Structure formats: C-alpha cells, structure tokens
Amino acid sequence: MLLQRTAFVTGAAQGLGKAFSEALLEKGARVCLTDIQTQKGLLLESELQKKYGKDKCMFMQCDVSSATNLRKSFNAAVSQFGHIDLVVNNAGIGDESNMEKMININLMGAIAGSALGVEHMRKDKGGKGGVVINVASTAGLIPVYLIPSYCATKFGLVGYHRSCASNPHLKEMGVQFGCLCPAFTDTDILKDVLKVEYPEEVKGIIQQVGINPVERVVQGFLQLVESPNCNGDIVTVSAQDGIQYQKKGSNKWSSHL
Ligand SMILES: NC(=O)C1=CN([C@@H]2O[C@H](COP(=O)(O)OP(=O)(O)OC[C@H]3O[C@@H](n4cnc5c(N)ncnc54)[C@H](O)[C@@H]3O)[C@@H](O)[C@H]2O)C=CC1
Ligand SMILES: CC/C=C\C[C@H](O)/C=C/C=C\C=C\C=C\C(=O)[C@@H](O)C/C=C\CCC(=O)O
C-alpha cells in the first residue's frame, strides 16, 4: 500500500516524526524529511540513505511556522521525487510560556501544511490524490487544565481536520484527511510538559495515564495511513487503552477500523 508513495513529514529529525519516517521507508515509501533542526536532520538523512538507498529520502530544513519556508520545501520535494501523496503534519512544541509560537507551529503550521498538501495532491487540478495526516493529541479531545494553550492548538487542529474531512468536494480532489491523537508518549516533548506551573500535578497525571512507547504510536499511524479510506477518522493511542478509532461522523470508539 505504501510502496511507491512519497511522503512529506514535518518535525522529522527526532521523536515521532523520525519514527513515522523510518516506518514509511521500511514499507517502501520515499520520504522528504523536514525539520527546523538542520544538523540532526542531515545526520538522519545520511543514516537513512545508507539503510534504504540514496533515492529514498532527502532532508530539507523547514520551519513550519513560515508559510514561505513550507512552500519552498514542498516545491523542492516535488522537484526531487516528482510528486507527493502523503503529508504528515507532525512538527509541534509544548511551550506553555510562548502561546503565540505554539499556535504558529502546532496549529498554523499544520494548517499551512495541509493546504499545501491539498494544492499539490488534488486530482481535479492535475495532482495524483493523496492523504493528509495531522498529528494532534488526546489533549485535542479532552481538556487538560495544566496545558491549556497546548490544548487550544490541538483542539483547533482536530476541528480543522474534521472540517476539512467533511468537504463534499474531497472526492473529486482524491484527497483524504486522517488525524492521529496520541496520549503521552516517550519523546523529548515531555520535558516541556514538566515546565508548567504545577509540574508535580502533571507528573501525577502522567503516572495515572501512563506513557506510550513510540512504537505503539507508529502502529496507530501505520493503521491510519494504510487504511483504504481514512477520511475523517481519528486514531487515539494511549498506554491505557491502546489504539482506538473513531470513524468519520461517529461518536463511538472501537479497537478496529
Ligand atoms: N510525545 C507526546 O507525548 C505527544 C506528542 N504529540 C505530538 O506529536 C508531534 C511530535 O512530537 P514529539 O515527537 O513527541 O516531540 P519532539 O520534541 O521529540 O519532536 C518534535 C519535532 O518537531 C520539530 N519542530 C519544532 N518546531 C518546529 C518548527 N517550527 N518547524 C519544523 N519543525 C519543528 C523539532 O525540531 C522536533 O524534531 C507534536 O505535534 C506533538 O504535539 C501528540 C501527543 C503526545
Ligand atoms: C506540552 C504537552 C506535551 C505533550 C502532551 C501530549 O500531547 C499529550 C497529552 C496527552 C494526554 C493528556 C491526558 C490528560 C488527562 C487528564 O488530565 C485527565 O482527564 C485524566 C486524569 C487521570 C486519568 C485516570 C483516569 O482515566 O481516570
């Protein structure tokens, strides 16, 4: 299913973005890795090119909070690979002390990435169709009083996902929107969550909720992108409940798609 597909992944230098990219390469896809961290990204590019082949991946420095930067990176990826058919808007931060920056990256960056994805992929304007995956969070589905601004960005992103997925013109565009909502996962972003006003309370919640291993989130991600029809779907991944799906238009969660 992923063989011959070409993905554009933001925030791919480490954490979940790196793990999603490696999983896609493992399945035979080509990946344009992008991140604001140039050195880490270039090191990863060389490591992955050795493992999967030079023509399988490339790294581009890209700050998702700059629409111009994102557009240039999309164009470079298309020049290199010919087309893009999977966009993974994954870049994100958890800095409650800098609300504006967080909105620009977590929400505006994902919206800009989604819009560019649609522009490049839509069949009715010469594209080949494809899928946009927005990486939100369970903190985009349930309120968490300790991280309200982060929640606002992720609730916003879930709302954007649901709205885009309900566009009746998507069929002629050949584009689908899927949304991944992990709960706490073992990556560097968890360091940010401990910088909030009541870190002990966050630790208490994390202790109750548990921490996902990255591999479990990758499993949820792959199930979403490999689904023949993921449009409007939301996949949550948590240490407590594992992988759960909500199909478009349903308010029920189930353990299979
Ligand atoms: N780890 C967790 O507990 C959870 C994470 N998420 C989401 O998963 C996504 C990935 O985060 P993690 O891998 O966990 O964290 P991470 O901190 O390990 O990775 C985030 C990546 O985004 C990049 N990034 C930051 N600002 C950027 C910008 N302006 N432009 C481009 N790239 C930028 C960073 O350089 C880094 O490589 C984020 O959207 C996060 O909100 C969602 C739910 C749970
Ligand atoms: C700066 C943010 C960085 C990472 C956050 C990440 O995106 C993940 C957040 C995920 C989940 C948060 C869950 C929070 C849950 C709650 O606050 C409570 O509603 C649940 C409290 C206890 C759970 C025990 C129970 O199920 O009853």
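Computed from a predicted model, the values in this text were never measured in an experiment.
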Is there a path of hydrophobic side-chain contacts, each under 4.5 Å between heavy atoms of I/L/V/M/F/W/Y residues, joining [Y] to [X]?
X    : Y    : result
V31  : I36  : no
V158 : I111 : no
L194 : Y198 : yes
L141 : F221 : no
L190 : V202 : yes

Could you report the tightest heavy-atom contact between [X] and [Y], atom names first, then the distance?
X    : Y    : result
P182 : V217 : CG-CG1, 3.8 Å
A12  : L44  : O-CD2, 3.2 Å
A29  : L25  : O-CD2, 3.5 Å
G11  : N90  : O-ND2, 3.0 Å
C181 : A136 : SG-CB, 3.9 Å
T34  : C62  : CB-CB, 3.7 Å

Just wondering, are more than 12 heavy atoms of other shown residues or ligands nearer than 6.0 Å to [atom1] in [X]?
X    : atom1 : result
E172 : CD    : yes
R216 : CZ    : yes
M108 : CE    : no

Inset, instruction - Apply the test side chain to side chain donor-acceptor pair (under 3.5 Å) to residues N106 and T153: give CA-CA distance (whole Å), side-chain angles for both, the deciding distance (0.1 Å), then the verdict. - result: CA-CA 6 Å; N106 296 8; T153 65; 3.3 Å; yes
Inset, instruction - Kindly determine whether F8 and L33 satisfy side chain to side chain contact (heavy atoms under 4.5 Å, CB included), including the steps that lead there. - result: CA-CA 6 Å; F8 184 92; L33 312 147; over 6 Å; no
Legend entry - Parallel, tilted or perpendicular: rings of F177 and Y160 (30°, 60°): perpendicular
Inset, instruction - Please step through side chain to side chain contact (heavy atoms under 4.5 Å, CB included) for the pair V175 and V131, ending with a clear verdict. - result: CA-CA 6 Å; V175 175; V131 176; over 6 Å; no
[X] with [Y]: basic N within carboxylate O range, under 4.0 Å:
X    : Y    : value
E26  : K56  : no
K125 : E119 : no
D85  : K128 : no

So does [Y] get a backbone contact from the side chain of [X], meaning a donor-acceptor N/O pair under 3.5 Å?
X    : Y    : result
K54  : S46  : no
Q246 : V235 : no
T185 : A183 : yes
N229 : N231 : yes
Q176 : C230 : yes
T6   : F81  : no
N134 : H161 : no
D233 : K247 : no
E45  : F59  : yes
N212 : V237 : yes

Should [X] and [Y] count as side-chain neighbours, where that means a heavy-atom distance under 4.5 Å?
X    : Y    : result
L43  : Q39  : no
N167 : M173 : yes
R30  : D55  : no

Rounded to the nearest 0.5 Å, what separates atom [atom1] in [X] from atom [atom2] in [Y]?
X    : Y    : atom1 : atom2 : value
M58  : S73  : CE    : OG    : 8.0 Å
C57  : E47  : SG    : CD    : 9.5 Å
K123 : L170 : NZ    : CG    : 12.0 Å
K72  : L70  : NZ    : CG    : 11.5 Å
L24  : L86  : CG    : CG    : 6.0 Å
I189 : Y150 : CD1   : OH    : 4.5 Å

Inset, instruction - Going by the side-chain contact (heavy atoms from CB on, under 4.5 Å) test, name the single residue among V135, T10, V225 that passes it with V88. - result: V135
Inset, instruction - Determine, stepwise, if the pair Q61 / D35 fulfils side chain to side chain contact (heavy atoms under 4.5 Å, CB included). - result: CA-CA 5 Å; Q61 193 279 342; D35 204 289; over 6 Å; no
Side chains of [X] and [Y], donor plus acceptor under 3.5 Å:
X   : Y    : result
K40 : Q14  : yes
E22 : Y52  : no
N89 : S114 : yes

Legend entry - side chain to side chain contact (heavy atoms under 4.5 Å, CB included) between I243 and Q219, worked out: CA-CA 8 Å; I243 301 171; Q219 233 181 310; 3.8 Å; yes
